[in-house]
Amino acid sequence: MFSNYLKTTFRNLWKHRGYSFLNIFGLSVGIACASLIFLWIEDEVTYNDYFTNQSTIYKVKDKQTYNGNTFVFDATPGPLAQGMKLEIPGIKTTARSTWTNDVLFALKDKTIYQAGNYVDPGFLSIFHLQFIKGNAATAFSQLNTLVITEKMANTFFNSTDVVGKTLKVDNNKDYVITGVIKDLPKNVSFKFQWLAPFAVFENENTWLKQWGSNSVITYAEIEANADIEHINKQLYNFVGNKVKGISAKMMLYPMKRWRLYDNFDKSGNEIKGKLKYVNLFSLIAWVVLIIACINFMNLSTARSEQRAREVGVRKVLGAARYKLICQFIGESLFMSLVSALFALFIVFVVLPWFNTLVHKQLSLNIFYPVHWGGLILIAVICGIIAGSYPAFYLSSFNPVSVLKGLKLKTSGGAVFVRKGLVVLQFTISVILIICTVIIYLQIQHTKNRDLGYNKQGLIYMQMQGKMAENFAAIKNDLLQTGVVENASISSQSVLQIGSNTGDFDWPGKDPGKQLLVTVDQASPEFISTMGAHIKAGRDFYANASVDSNNVIVNSAFAKTINAKNIIGTVITRSNVKLTIIGVITDFIYNDIYTSAAPLIIFCSPKYTSVLNIRFKAGADIKTALPQVENVIKKNNPGYPTSFRFVDAEFEQFFTEETLIGNLASIFATLAIIISCLGLFGLAAYTAERRTKEIGIRKVLGATSQGLAALLSKDFIVLVILACFVAFPISWYTMQLWLSNYEYRVSISIWVFILAGLLAIVIALATVSFQAVKTSIANPAKSLRSE
């Protein structure tokens, strides 16, 4: 019996090769799309799985409330790690870490910047780093030691057997390599190539030892049987109990949630981070699969009358209905598995391109049980979904009726379902089109907003060596090149200013409220180099010492303190009086989707680490940049230059939105292509069914245009109906998505009109080929064949 069913399946596939191709190709594209998305999801949900003890690893979060808003961040006081370890039972190990920074390493003539962190010895044991050479217990027993990855070892030495060898750090001191660890996989939270003892960094920055400075990341590993809730209760006011006046609240945040959550609202409550994208892409994957399955259902039920006689014969010969259901679902499963093989080929071909698009290094391993098992599971699910309705429908035929050639009683219901599925397909396609357009508009809306400064022609670099000391000479030489308009130094880049504090006071301040204020240290040329605008008062004088106790604030700060005469207002910080001499228009930093946060700029070139350079308008960057590099090398020899373009880095703020937009546009296109495959098949089938009618109409004088319109009309009506269903759904979905952004675009009606017209034009183009082909056929030939 099985061989008979198999033979029948092959025979049907071959007999109706066109429809078979449409079904298999549509399913292949759908399964390939879903497979790519599931690979991306797998990479996200397995983030940090490399750390086998991740269930006991935590990061300390610092929660602070200012002016009614709660901010949750990673920066914690330096003494916290040791205090927790000594005073809170259940904590096994703690460790501090700096943020990842590029540091210059040199071996003879080879000088390369490498990213890394200064960490406590406990960091090596908390994360169970796998040592190839050396060991965690002794790696940081001395200062000026290094643990490097095998990649960094090979970069400098072409070998991992390098324990005891030295690398010069920052052209200053030799550090001894005491350990080489295995390279970490891409999907972990750490991107370092080297680790060095935190004590070295702390000795150079003794202010880190103060409880009031939140400048390090604190990690902790708890005992396996520890009560995390009890630990968090003890930790909550831990810092406030050490130093009066500090309102910071601490909590342990589990490693399992670092990747997919780690987002907090203004009340300090955890909200979904990347998990919302995982959910969104999961939904898109299943939507694309469903669209592909709908094609199968439509084409199968459309050709039902061709299979009716076969069903009738089998029933007369004694075949039970469940056997017929199994036969048709078996056919569907067979086609789905064949589609999965084609999908596998498609995935291998497009995976490199997909990796570039999503900035990952995904791979499909057919020998990995999760991968081949997942692919088979998708194929089986598709086969069952796609084949279920046709199987139950076809097996329900009355054998007497179909063998007599009577019209099928249930055909009206089948047509209704078929039309409903077409509407569903195009509803999904139109929703995806609208979402794609609105996401694109939102990105462009933000990119084109007034940032409060000019990002074009502005570059910056982290200062190394004696650049800060030699800034005057560097600036003079830069201006002499004729391509540089201005240069300045600041503590942070204009795009991201991470330093903030709540200890400012001003006349009339409510003592019960604190305001979180961002602070930046800069040289007098900073504001003019940025291209920001002085709204009131004046800029800093060229002689920085004159303005050492003066500050410039932005409009947001001025508005908040609401002083009658903002220029000349004296504010205090730790009993130090500071006079406001100028107000600049708000400029956007850190979060480009929100309003500018209160900011104070100090005229303090001493505490700076970033060199900012503005090129003259119209300067050719290709020729100007080498001139700037020569100036830097001349005044700071021994350090490679590494410039960053502000406008290019600005684009990186849109990474996630751009990824969503790109994927939405790709899958919207594929959804339409798959839908059109089904529409094309239905149009061909309809034209074939109405050949005789078309012939009679032509004989009676119908024009080709009229016949083409007759054949296309029904499908276009379905697409228009789909548009009306899609419009409110997509409007609600996009309103929900845009509500996450303070600075957002409004949804215009032309987006819906554009999406609707696009869907109609595509559908019309799809069915018109068959309609025109049928309408211009010779009626005598078609009538003779009948």
Side-chain angles (χ1 to χ4, degrees), residues 51 53-66 70-99 117-128 136-137 139-141 143 189-190 195-255 257-258 262 264 268 498-503 514 516 574:
F51 304 105
N53 60 330
Q54 66 164 305
S55 62
T56 58
I57 297 176
Y58 292 80
K59 178 195 294 181
V60 178
K61 286 284 187 183
D62 189 345
K63 184 186 289 189
Q64 299 183 18
T65 301
Y66 297 92
T70 299
F71 302 87
V72 181
F73 41 82
D74 294 342
T76 53
L80 178 64
Q82 187 178 13
M84 289 169 53
K85 176 73 169 58
L86 293 175
E87 300 178 32
I88 300 180
I91 292 183
K92 184 178 178 181
T93 313
T94 58
R96 297 168 296 176
S97 170
T98 59
W99 268 262
N117 305 61
Y118 290 92
V119 298
D120 281 329
F123 186 92
L124 305 177
S125 59
I126 288 176
F127 295 101
H128 292 189
F140 287 160
S141 56
L143 296 177
S189 296
F190 303 105
L195 298 170
F198 188 87
V200 176
F201 185 76
E202 189 177 39
N203 290 340
E204 295 174 356
N205 302 277
T206 53
W207 49 269
L208 288 170
K209 298 178 181 179
Q210 300 173 9
W211 279 97
S213 174
N214 297 311
S215 305
V216 302
I217 306 171
T218 303
Y219 298 102
E221 182 182 13
I222 65 169
E223 303 285 355
N225 58 351
D227 183 348
I228 184 62
E229 290 187 8
H230 183 65
I231 292 175
N232 269 332
K233 283 182 181 176
Q234 294 178 281
L235 186 60
Y236 191 66
N237 286 315
F238 193 81
V239 177
N241 293 335
K242 297 292 180 185
V243 183
K244 290 183 179 179
I246 295 181
S247 59
K249 310 299 181 188
M250 302 292 167
M251 67 173 181
L252 290 181
Y253 192 66
M255 189 180 208
R257 306 182 81 82
W258 291 0
D262 205 1
F264 298 84
S499 296
N500 47 51
T501 178
D503 58 0
Q514 282 188 309
L516 188 66
S574 303

Can you check whether Val216's main-chain N or O pairs, donor with acceptor, with Thr76's side chain at less than 3.5 Å?
-> yes
Look only at the side chain of Asp62 and the backbone of Phe73, and say whether a donor-acceptor pair between them is shorter than 3.5 Å.
-> no
Minimal non-hydrogen separation, Val72 against Gly268, with atom names | CG2-CA, 4.0 Å
Residue pair Met84 / Met250, side-chain heavy-atom distance below 4.5 Å = no
What is the distance from atom OG of Ser97 to atom CZ of Phe127, rounded to the nearest 0.5 Å?
-> 8.0 Å
Considering all heavy atoms, the nearest Gly90-Ala226 contact | O-CB, 3.7 Å
When you look at CD of Gln82, are more than 12 heavy atoms from neighbouring residues, nucleotides or ligands closer to it than 6.0 Å?
-> no
Between the CD atom in Gln64 and the OG1 atom in Thr70, the distance rounded to the nearest 0.5 Å is 10.0 Å
Here the gap from Phe264 atom CZ to Tyr253 atom OH, rounded to the nearest 0.5 Å, amounts to 4.5 Å
Hey, mind stepping through Val60 and Tyr58 against side chain to side chain contact (heavy atoms under 4.5 Å, CB included) and telling me if it holds?
-> CA-CA 7 Å; Val60 178; Tyr58 292 80; over 6 Å; no
Any donor-acceptor N/O pair, Asn205 side chain to Trp207 backbone, under 3.5 Å = no
With sequence neighbours left out, what residues match Pro121 under side-chain contact (heavy atoms from CB on, under 4.5 Å)?
-> Phe140
Hits for salt bridge (charged side-chain N to carboxylate O under 4.0 Å, His left out) against Asp262, two or more places apart or cross-chain, chain-then-number order -> Lys61
How about Phe123 and Phe198: are their ring centres within less than 6.0 Å of each other?
-> no
Within 6.0 Å of NE2 in His230, more than 12 heavy atoms from elsewhere | no
Less than 3.5 Å apart, which donor and acceptor atoms pair up between the side chains of residues 232-239 and the rest of the protein, not counting sequence neighbours?
| from | atom 1 | to | atom 2 | distance (Å) |
| --- | --- | --- | --- | --- |
| Asn232 | OD1 | Leu252 | N | 2.7 |
| Asn237 | OD1 | Lys249 | NZ | 2.6 |

Donor-acceptor pair, Thr98 side chain versus Tyr118 backbone, under 3.5 Å?
-> yes
Please work out which of the three classes, parallel, tilted or perpendicular, describes the rings of Trp258 and Tyr219, given edges at 30° and 60°.
-> tilted
Any idea which heavy atoms bring Thr94 and Ile91 closest together, and the distance?
-> CG2-CG2, 3.5 Å
Crowded around Lys242 NZ? As in, over 12 foreign heavy atoms under 6.0 Å?
-> yes
Compare every heavy atom of Gly122 with every heavy atom of Thr93, then report the nearest pair and how far apart it is.
-> CG2-CA, 3.9 Å
Atom CD1 of Ile222 and atom CG of Asp227: how far apart are they, to the nearest 0.5 Å?
-> 8.5 Å
Atom CD of Glu87 and atom NZ of Lys85: how far apart are they, to the nearest 0.5 Å?
-> 12.0 Å
Of all heavy-atom pairs linking Ile231 and Pro89, the shortest is CG1-O, 3.8 Å
Please name the pair of heavy atoms, one in Leu124 and one in Ala139, separated by the smallest distance, quoted to 0.1 Å.
-> CD1-CB, 3.9 Å
Walk me through it: do Asp74 and Trp99 pass the test side chain to side chain contact (heavy atoms under 4.5 Å, CB included)?
-> CA-CA 10 Å; Asp74 294 342; Trp99 268 262; 4.1 Å; yes
To the nearest 0.5 angstrom, please state how far the OG atom of Ser125 sits from the NZ atom of Lys92.
-> 8.0 Å
